[in-house]
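One structure is given here, and the rest of the page talks about it.
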Amino acid sequence: MNGIDVREAIARAHREEWARVVASLTRRFGDLDIAEEATAEAFATAVQRWPADGVPPSPGAWLTTTANRQAIDRIRRENKRDDKHRKAQMAYGDPPEPLGVIDDDRLRLIFTCCHPALSMETRVALTLRMVAGLTMSEIARAFLVTESAMGQRITRAKAKIKAARVPYRVPSAEDLPVRVSGVLAVLYLVFNEGYLATGPETDPLRHDLTAEAIRLTRLIRALLPDDGEVAGLLALMLLIEARRPARVSADGELVALDEQDREAWDTALIAEGHRLVRERLTAAATGAAPGRYQILAAINAVHTSARDMRDTDWSQVLALYDQLVRLDPSPVVSLNRAIAVAELDGPEVALAIVDRLEHRLAGYHAYHATRADLLRRLGRGRESRAAYDRAIGLAGNAAETAYLTRRRDQLR
C-alpha cells in the first residue's frame with residue numbers, strides 16, 4: 001500500500017470511526033474532554049505508524065484500543081485516576097438501557113451534546129465536533145467566527161456538561177419528547193453541512209455526515225414511531241439525499257435542481273420518503289397539524305414527483321410554503337417561497353418580495369444568487385452580474401462558486 005492509499009485509509013477511518021471512538025470513550029470515562037483528546041491522539045498516532053506498519057485489518061478496533069490507552073495514560077499522568085473514575089460513576093453511572101431495543105453509544109452521545117442546558121448554537125457546534133468529527137476550522141467557518149473563538153465555545157460547553165453532571169444516556173420516556181425537538185434541529189443542521197459543506201477547501205458533499213444524520217434520525221424514529229416531526233425530518237433527509245448523485249457535475253460544479261439528471265436520483269430513497277410523507281398526510285387529515293419538517297418534506301415530495309422541472313406542481317409548492325411561513329416566518333423561508341412565486345406569477349413579482357428581504361439577508365449568498373437569477377430572467381444583465389458577484393464572494397465552497405461563476409459569465 002503506497003502513501004496515498006494510507007492517507008485515504010486514514011481519511012476514511014476518520015469519517016467512519018471518529019464518532020464511534022469518541023462515543024465509546026465517553027461511555028467508559030464519562031468525560032468529553034478525555035474522549036475527544038484521546039481520540040485525536042489515536043488518529044495522530046495512526047498518521048505516524050500506519051505508513052510504516054500498514055493499515056490494520058480493523059481500523060476502528062485499532063483506533064479504539066489506542067485511544068483507550070491514551071486516555072488511561074492521561075489520567076495516570078494527572079495522578080487523579082481514582083478520583084476521576086469516582087466522579088464519572090457519580091455523574092454517569094452505568095447508562096440504562098434505551099427505550100425499546102436500541103443500544104447505540106452515538107445516540108447517547110448526541111443526546112449529551114444536545115442537552116437543553118446548552119444554547120442551540122452551542123449544541124450544534126458541539127455535535128459537529130464530537131459526533132460529526134468536523135475540525136475546529138470547519139465549524140468556525142460554518143458559524144462565521146474565528147477558530148479560537150469556536151474552540152473556546154466548545155471547551156466551555158464540555159465544562160458545562162461536566163459541571164452539570166449531564167448523564168450519558170438516551171432520556172427516559174417522560175423526558176424524551178421534550179428533548180427530541182432540539183436533537184432534530186441539530187441533526188438537520190448536521191445533515192445540511194453534509195449536503196452542501198460550508199468550507200471552501202471541503203468536499204462539497206459530505207456523505208459521511210448525511211449518512212450519520214439519517215442513521216441517527218432512524219434510531220430516534222424507532223424510539224418515537226408516532227412523532228410526526230421525527231418522521232417528517234427523516235422523509236426530508238431521504239428526499240434530499242436521493243438527489244445527491246446528480247448534485248455535483250464531473251467537473252466539480254454544483255448542479256441546480258432544474259439542471260439535474262433526474263434519472264440519476266435514488267428511486268429507493270424517494271419511494272421511502274414519499275411513503276413517510278403520505279403517512280403524515282393521512283395523520284394530518286385526522287386533525288394532527290403538520291410541523292416544519294413535515295411541510296418541508298411535502299415540498300420535497302412535490303419536487304421529486306416531477307419527471308421534469310416543467311412538470312412541477314408549483315401551485316402546491318406555493319401553498320405548502322404559505323403554510324410553512326405561518327409556522328416559521330423566517331426570511332430564508334420567505335426567500336424560498338419567492339422562487340415558487342416566480343414560477344407562478346413571474347420574476348418581477350418575486351423580485352419585489354426578494355428585495356424586501358435585503359436588510360435581513362444581505363450576508364446570505366443564496367439571497368444574492370436568487371436575486372441574480374430573477375434579474376437575469378427580467379433581462380437586467382448588469383444588475384444580475386453585480387448580484388452574482390456578491391453571491392460568489394459569499395459562497396461557501398468551490399462547487400457553488402463554480403456554478404455561480406458560470407451563470408454570471410453566461411450573461412456576456
Side-chain angles (χ1 to χ4, degrees), residues 120 177-178 180-189 191-192 195-196 213 217 220-221 224-243 256-258 269-306 309-357 360-361 364 366-367 370-371 373-374:
M120 179 58 71
V178 176
V180 79
S181 61
V183 172
L184 295 183
V186 170
L187 286 174
Y188 184 39
L189 290 167
F191 179 86
N192 282 342
Y195 187 64
L196 189 58
T217 305
I220 295 173
R221 176 159 164 74
L224 295 170
D226 298 323
D227 190 298
E229 281 295 80
V230 175
L233 179 58
L234 179 57
L236 175 61
M237 289 179 175
L238 294 174
L239 293 173
I240 295 175
E241 178 70 2
R243 303 200 299 266
L257 181 62
D258 60 333
L269 292 182
I270 290 174
E272 184 180 359
H274 284 185
R275 178 180 57 77
L276 288 168
V277 169
R278 286 194 298 270
E279 288 178 7
R280 298 318 309 162
L281 289 174
T282 301
T286 64
R292 176 172 177 260
Y293 298 123
Q294 294 170 73
I295 297 172
L296 286 170
I299 291 170
N300 278 272
V302 175
H303 284 301
T304 50
S305 295
M309 187 73 172
R310 292 167 295 185
D311 299 329
T312 304
D313 187 345
W314 288 106
S315 60
Q316 188 177 2
V317 171
L318 183 58
L320 288 165
Y321 269 119
D322 288 340
Q323 195 174 356
L324 183 59
V325 165
R326 290 192 290 270
L327 277 179
D328 180 14
S330 71
V332 173
V333 171
S334 297
L335 179 68
N336 290 330
R337 178 184 175 276
I339 295 172
V341 169
E343 298 299 325
L344 290 170
D345 300 326
E348 190 167 5
V349 177
L351 182 61
I353 297 171
V354 170
D355 282 344
R356 289 197 292 270
L357 302 172
R360 301 179 68 185
L361 295 177
Y364 183 42
Y367 164 78
T370 301
R371 190 168 180 273
D373 184 64
L374 294 172

* Asked: How would you list, by chain and number, every residue that makes a salt bridge (charged side-chain N to carboxylate O under 4.0 Å, His left out) with Asp313, sequence neighbours excluded?
  -> none
* With sequence neighbours excluded, residues passing salt bridge (charged side-chain N to carboxylate O under 4.0 Å, His left out) with Asp322 -> Arg337
* Asked: Should Val302 and Trp314 count as side-chain neighbours, where that means a heavy-atom distance under 4.5 Å?
  -> no
* Value rounded to 0.5 Å, distance of CD1 in Ile270 from CG in Asn300 -> 10.0 Å
* Asked: Residues two or more places apart in sequence or in another chain: which of them pass side chain to side chain donor-acceptor pair (under 3.5 Å) with Tyr195?
  -> Arg247
Using residues 271-279 as the side-chain source, report each donor-acceptor pair under 3.5 Å to any protein atom, sequence neighbours left out, with the distance given to one decimal.
unit_1 : atom_1 : unit_2 : atom_2 : d
Glu272 : OE1    : Arg218 : NH2    : 3.1
Glu272 : OE2    : Arg218 : NH1    : 2.6
Glu272 : OE2    : Arg218 : NH2    : 3.4
His274 : NE2    : Ala301 : O      : 3.4
His274 : NE2    : Thr304 : OG1    : 2.8
Arg275 : NH1    : Glu279 : OE2    : 2.9

* Asked: Atom CG in Asp227, atom OG in Ser181: separation rounded to 0.5 Å?
  -> 9.0 Å
* Are Tyr364 and Thr370 close enough that some pair of their side-chain heavy atoms sits under 4.5 Å apart? -> no
* So among Leu187, Ile220, Leu239, Thr217, which one has a side-chain contact (heavy atoms from CB on, under 4.5 Å) with Leu234? -> Thr217
* Structure fact -> Distance col, row Ser330:OG vs Leu324:CG, nearest 0.5 angstrom, shows 7.5 Å
* Smallest separation among heavy atoms of Ala338 and Ala350, with atom names -> O-CB, 3.3 Å
* Structure fact -> Heavy-atom nearest pair, Ala340 first then Val317, reads CB-CG1, 3.9 Å
* Who passes side chain to side chain donor-acceptor pair (under 3.5 Å) against Arg310, sequence neighbours left out? -> Asp308
* Spacing of CG belonging to Leu361 relative to CZ belonging to Arg371, to within rounding of 0.5 Å -> 12.5 Å
* How far does CD1 of Ile299 sit from CG of Leu318, to the nearest 0.5 angstrom? -> 9.5 Å
* **Residue pair Tyr367 / Val354: nearest heavy atoms and the distance that separates them** => CE1-O, 3.1 Å
* Met120 and Val186, any side-chain heavy atoms less than 4.5 Å apart -> yes
* Residue pair Glu241 / Phe191, side-chain heavy-atom distance below 4.5 Å -> yes
* Structure fact -> d(Leu233 CG, Tyr188 OH) to nearest 0.5 Å is 8.0 Å
Residues 288-295 side chain polar contacts: donor-acceptor under 3.5 Å, at least two apart:
unit_1 : atom_1 : unit_2 : atom_2 : d
Arg292 : NE     : Asp328 : OD2    : 3.1
Gln294 : OE1    : Arg280 : NE     : 3.3
Gln294 : NE2    : Glu229 : OE1    : 3.0

